[in-house]
Structure formats: structure tokens, C-alpha cells
Amino acid sequence: MAASSPVVWAYHSLLIFATVLHVLLGYWIYRDHWDKRGAKWFVAMLAIGGTYALCTSAQLLVPWLEAKTVLSMVGGFFGLLSYVVFAVFAGKYTETEYHRRPVVKLVLVTVPISYLVFVLIRPIVDLWVADYWIETEPFRYLAYEPGPGLLFVAVLSYLVGFYNLYKLSMYLLSTSKRATKQLGLLMAGTLSVMLVATASNLGLFPAEHFYHGIYATIPFILFTSLALFRYDFLRVQPVARNAVVEGLDDPVIVLDEDRAVADFNEASTRLWPFLPDVVGEPIADACPDLVDAMWLDDETWGLAVKGDRDELADQITFTVDGSERHFSVNLSTVGGDDESANWVSILLRDVTELERSRWRLEKQNERLDQVASTISHDLRNPINVADGYAELVESLIDEDGLDASDAETAIEHLHRIRTSHDRMEAIIADILTIARKGKTVDETQQVSLAAAARDAWHNVETENTTLTVGADRRLQADRSKLLSILENLFRNALDHGPDDVHVTVEATADGFAVADDGPGIPTEHRDGIFEYGYTTSEEGTGLGLSIVRAMAESHGWIVEHDDGYADGARFVFGNVDVVPLSDSETASHGESDPIQRG
């Protein structure tokens, strides 16, 4: 027995050590991490494992066979139950919820229930053990030969253990290097339990017939403790990795409910290279430059202009590799249960190229405004001067008394000059319309299609013509530009149609249409009708339909000529933001009577 004393001491003292480890680790998690995902299930597993250790320790101390048998059965039940609880913890911790799958759930429930069934029917049919006895070397303990019931439960418990390892391994492959440390230690602890259990069943320990599963909890707890204290296990959870695609090119930071850095992706380190060293620290301390541009609290999160939280910002700017980069920021919750529903992911999408394009567009618009101003002032002034001289020449012709034929010819030439000037004025006016009104619409309002059509009709000289407006609807539009569209289409119908042309404005499924009963557009010309300079009239500028297209596209609308319309010309506008009228409004805004001008 003397030679066996260190072995006996080790068997008893390690059980006490395992019990103390269970209690201390469970209390520490309860005190500091109780609200973290899966923490409650992990503490439950530690409590169950601690109970298993106490039962096993008592089983070694009591001398009676029946007492050892009862304690062994009670301890065995808690040992198997710890496998089940660990599976639930792992499913919740990784947020895969694999423990909820029907087959897995059936196995997890079957393990403890079958154990209890075999124990309860033992007095009637002992399927639990084939034989049991007390071994005296190297110490007194209960030994038994497993029966079919015990073997069945043991196989199920092995299945649960290996499935836990498999799911953790698969999840490990989908995590970043930072998460692999925590999951790797968790897997190492799980594997140690499986290895010790297997070695015990093979009789490789000094007490050949003793089940050593409880001792496997010691390396499991040591691995878990290392993960807790060294790698912030339970705080930096793989759940963050589910919300962060490691290969994402845009920076992402995940904050826990305390607004501390929980995780991040590799792209974030381009902005903050020190992020790996500040995991677990408040975001305000870790990335103060980011916090300067935003606020986070329990109710609202968003961007704010620095120093003015009442005004929302569109983006924030950082210096990356010596150059300014612009980022839009998207904030959203992470997680789905009460334990992590208040986690926040911060996605910074690089919009530098978009911002540069916007800046270039602004500069182009400024230059376009300059061109428009030049056309308006520098070209119109010489035309006005030429008109003045033409009038002066016309008066001189009358005073000098040229013969009738020469005077008539001279005046005819002067009239042609003035007609050309008038045409130049019309072209300038159309070009200014395109330059100044062809910009993208920034603000819109709800505009009545019927009211806009009638106003535009009254702005155009329409003698002996009629306008019919169909059922009304509201369009989300810039009213001035909508009027320009309608006026140019009306003029186009009047310039190319008969004196008594009839124009119709009607609503369509996704916009509206303008039609006339004129001669229509020849088939060979239809491909170029919206091009600058297209006209079939000597008086036309060729810019009317170009203006229509520019005004429509500035809204994001689509305008097309209806090639299937056989009664004249019809232009259809689609992709229009339409606001339906209520039933009462529809009843009061039915199709209007034709508006007659003459």
C-alpha cells in the first residue's frame, strides 16, 4: 500500500481540485460575464460537473457497496448531463443553434432520459450493469462490468461529444485568426474529455475498472480558464464573426452592449492598425476619431457632425496612407436574443471615388453655369447690337430714297437677318434651358398632372387647338421642369401638326403620356428624334425634344416615342414616382372636358 500512497493521494486530491475549479470558475463567470451569450449554460455545465465531482469523491470515501452504487449512478447521471448542457452552450455561443436541430435535440434528450429509465427498471431488469463489485487496489472503489443499457447510453454520449467537436471544428474554419484562439482552446478542452474517457474505458489508468471521466474536467477547465483570462473568452465571441465577413474590403467593427470593441475585420486595421491590442476596450478610448463623428447610446445610434448632434452627417473622412478617404457609415444591431440584441456593427463603406465623382460633377455643373452665363450675356449682346444696326439701316434706306426695287430687296435681306437673329435667340433660350434645368433634380414635390398640363397649355400659343386631360394623378416632380416638358411637347405638336391639332395628356401605369393627332414622326426619323438639332421645321431649333429628354432624365424618368401609336405622335414617360389619388379625389378629378383655344 505504501507504493500506492501517491496514487491514492492523487486520485482523492484531484477530485477536490476539480470541485474547487468548478466552483471558482462558475462564480467568476457569474460575477463578470453573466450577461454574455451562452454564459448561463456554461455555468450550468460547471455546476453539474461540480456535482459529478462531489458524488465521485463521496463514492471513494464511503465503504459500503450499495452506497457506492447509488453515488456512482447519481454522479454518472450528472456526468452525462454535462455533455448535453455543453452541447447547448456550444450551439448558443457560436450562434449556430445546432442543438435545436430535430435529430440533435432527440439525441440530447435521449441521453439523460434513457439513463433514468435504465436505472429505474434496474430492480426489475438489470440492463445497466452485468456485474459490479468493490476493488481494493490501488484503493477502494466501485467496479462494474457494463450491461447493454450502460453501453447504449455511453455510445450516445460519445456521439454527442464527437458531434460537439465536429461542429466546433467546422465553425473554427469559418472564423478569423482572433477567434481561433478561443475556439481552439474550447476544442482542446472538449477533446481532452474524450481522450480521458477513451483511455479510462481501455483500462490505461492505475485503477483499471474505475471511470476517470470526472478527472477530464480538470484540463477542460484549465483550457477554458486560459481562454477566459488570456483571450477574453465569452466577451469576444464568434457571434461577431458571423456579422463580419473577413474577406470584406470595407472596414467593420463590432461593439458589445458596453460599447467596447468585440471584433473587427482585417480591413479595419488599415484605418486603425492598433485594433488587435484594444479588443475589449471602450470604442471611445480605442478609436476616438471615430467617436468624434458619431454617437452611440442605448436608444439611438447614428452619425453627427462634430460638435452638433442635431445635424446628421452623410459621411466621415479619415487619412489613409497619406491621402483622404471618405466613408459612409452604416450601424446595425448584431445578434438575435436578449443577451446580445444590443450589440452594434459599424460598417464603413469607402465612397471616396463616389465623392470624387460628385466633386467632378459639381465642377462640371459650375462650368456649365459659366457657359450658360456666357451664352446669355456675351452672345445676346452682339445680337442685340446687330438688331439695332439692322433697324438703323432700314431707316436709312427709307430716308435715302432708293428706288422701289432696290429698297424692297434691301428690306427683305434685313428681315432675313432679323429672322436669323430671332432663331439664334430661340436657340440660345433652349440651350440655357438645357444647361440650367437639365441638372439632376435634388428636391421634388407632389404635382397634379392635370393642373400642370393646363398651366403648360396656357403658356403656349395654341390658337384653334384643343387639349384633353385624362384622369388626374400626382407626380413626385420638379414642377418647373414638368412644365418645360409639357410646353415643349405642346409646341412640337403645334409646329408639326395641323392648325386644329388635338393634344391629349393621360396617366399610365408608371407615369404619363402626351399624344397628338398630327401627322406623326416618319419611321426613318424615329431613331434620332431626341438628338440635339433634330427638326423637320425651318423655324424649329431642333432642341425641343432634347429638352424633353433632358428634363425627364434629370428626374430619373424614361421617355420613349410610342412606335405603335398610329394616330399621330405619342410620347410615354415611365419610371415616374407616382402618388395614387384617393377614391374621393379620383371621383372629383375625372377626365376633363377639352380645353379649346381659338
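- Residues His326 and Asp350 are not in side-chain contact: their nearest non-hydrogen atoms beyond the backbone lie 4.5 Å or more apart.
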Taking distance alone, no hydrogens or angles, what donor-acceptor pairs closer than 3.5 Å link side-chain atoms of residues 102-119 to residues at least two apart or in another chain?
residue: Thr110; atom: OG1; partner: Leu106; partner atom: O; Å: 2.5
residue: Ser114; atom: OG; partner: Thr110; partner atom: O; Å: 2.6
residue: Ser114; atom: OG; partner: Val111; partner atom: O; Å: 3.1
residue: Tyr115; atom: OH; partner: Met73; partner atom: O; Å: 2.6
residue: Tyr115; atom: OH; partner: Phe77; partner atom: N; Å: 3.4

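- Within the 4.5 Å cutoff, no side-chain heavy atoms of Tyr211 are placed close to those of Thr56.
- Here Leu191 pairs with Leu165, Leu195 under the side chain to side chain contact (heavy atoms under 4.5 Å, CB included) rule; sequence neighbours left out.
- We find the CD1-CD1 distance between Ile283 and Ile253 to be 4.5 Å, quoted to the nearest 0.5 Å.
- Contact of the Gln446 side chain with the Leu475 side chain is not registered, since no non-hydrogen atoms from C-beta on lie closer than 4.5 Å.
- Other residues, nucleotides and ligands contribute only 12 or fewer heavy atoms inside 6.0 Å of the OH atom of Tyr30.
- Side chains of Thr444 and Gln476: a donor-acceptor N/O pair is present below 3.5 angstrom, by distance only.
- Between Tyr11 and Phe139, the distance from one ring center to the other falls under 6.0 angstrom.
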Test side-chain contact (heavy atoms from CB on, under 4.5 Å) applied to His555 and Phe573, step by step: CA-CA 11 Å; His555 285 85; Phe573 295 79; over 6 Å; no
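- A 4.5 Å side-chain heavy-atom check between Phe223 and Thr190 finds every atom pair outside the cut-off.
- Looking at Asp285, its side chain never comes within 3.5 Å of a backbone N or O of Glu281 through a donor-acceptor pair.
- With Asn575 contributing its side chain and Gly556 its backbone, the two residues share a donor-acceptor pair below 3.5 Å.
- Panel note: side chain Glu553, backbone Ile558; no donor-acceptor pair is recorded below 3.5 Å.
- Here Ile29 contributes atom CD1 and Leu46 contributes atom CG; the two are 5.5 Å apart, rounded to the nearest 0.5 Å.
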Full working for side-chain contact (heavy atoms from CB on, under 4.5 Å) between Phe162 and Met194: CA-CA 8 Å; Phe162 281 119; Met194 303 297 296; 3.6 Å; yes
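- In this structure, the side chains of Phe220 and Phe86 come closer than 4.5 Å at one or more pairs of heavy atoms.
- Nearest heavy atom pair, residue Ile346 against residue Leu348, reads CG2-CD1, 3.5 Å.
- With a 4.5 Å cut-off on side-chain heavy atoms, His12 and Leu61 count as touching.
- Scanning both residues, Val578 and Asp510, for their nearest heavy atoms gives CG2-C, 4.1 Å.
- Across all their heavy atoms, Ala87 and Val160 have their closest contact at CB-CG1, 4.3 Å.
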Stepwise side-chain contact (heavy atoms from CB on, under 4.5 Å) test for Val85 and Phe89: CA-CA 6 Å; Val85 175; Phe89 158 75; 5.6 Å; no
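- Of all non-hydrogen atoms in Phe78 and Ile48, the two that sit nearest each other are O-CG2, 2.9 Å.
- With rounding to the nearest 0.5 angstrom, the OH atom of Tyr52 is 9.5 Å from the CG atom of Leu15.
- Leu271 contributes atom CG, which lies 9.0 Å from atom SG of Cys287 (distance to the nearest 0.5 angstrom).
- At a threshold of 4.5 Å between non-hydrogen side-chain atoms, the residues Phe264 and Pro251 do not count as touching.
- Counting heavy atoms from C-beta on, the side chains of His99 and Trp41 never come closer than 4.5 Å.
- In terms of heavy atoms, Tyr141 sits closest to His209 at OH-N, 3.2 Å.
- If you look at Tyr83 and Tyr163, their ring centroids are not closer than 6.0 Å.
- Between His212 and Phe210, the ring-plane angle classifies as perpendicular under the 30° and 60° cut-offs.
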Worked check of side-chain contact (heavy atoms from CB on, under 4.5 Å) between Leu71 and Val74: CA-CA 5 Å; Leu71 289 170; Val74 174; 5.7 Å; no
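- Judged purely by atom type and a 3.5 angstrom limit, Lys68 uses its side chain to pair as donor or acceptor with the backbone of Gln59.
- Distance check: Arg349 CZ to Leu347 CG gives 5.0 Å after rounding to the nearest 0.5 Å.
- Residues Ile134 and Pro63 come closest through the heavy atom pair CD1-O, 3.7 Å.
- Atom CH2 of Trp64 is separated from atom OG1 of Thr69 by 13.0 Å, given to the nearest 0.5 angstrom.
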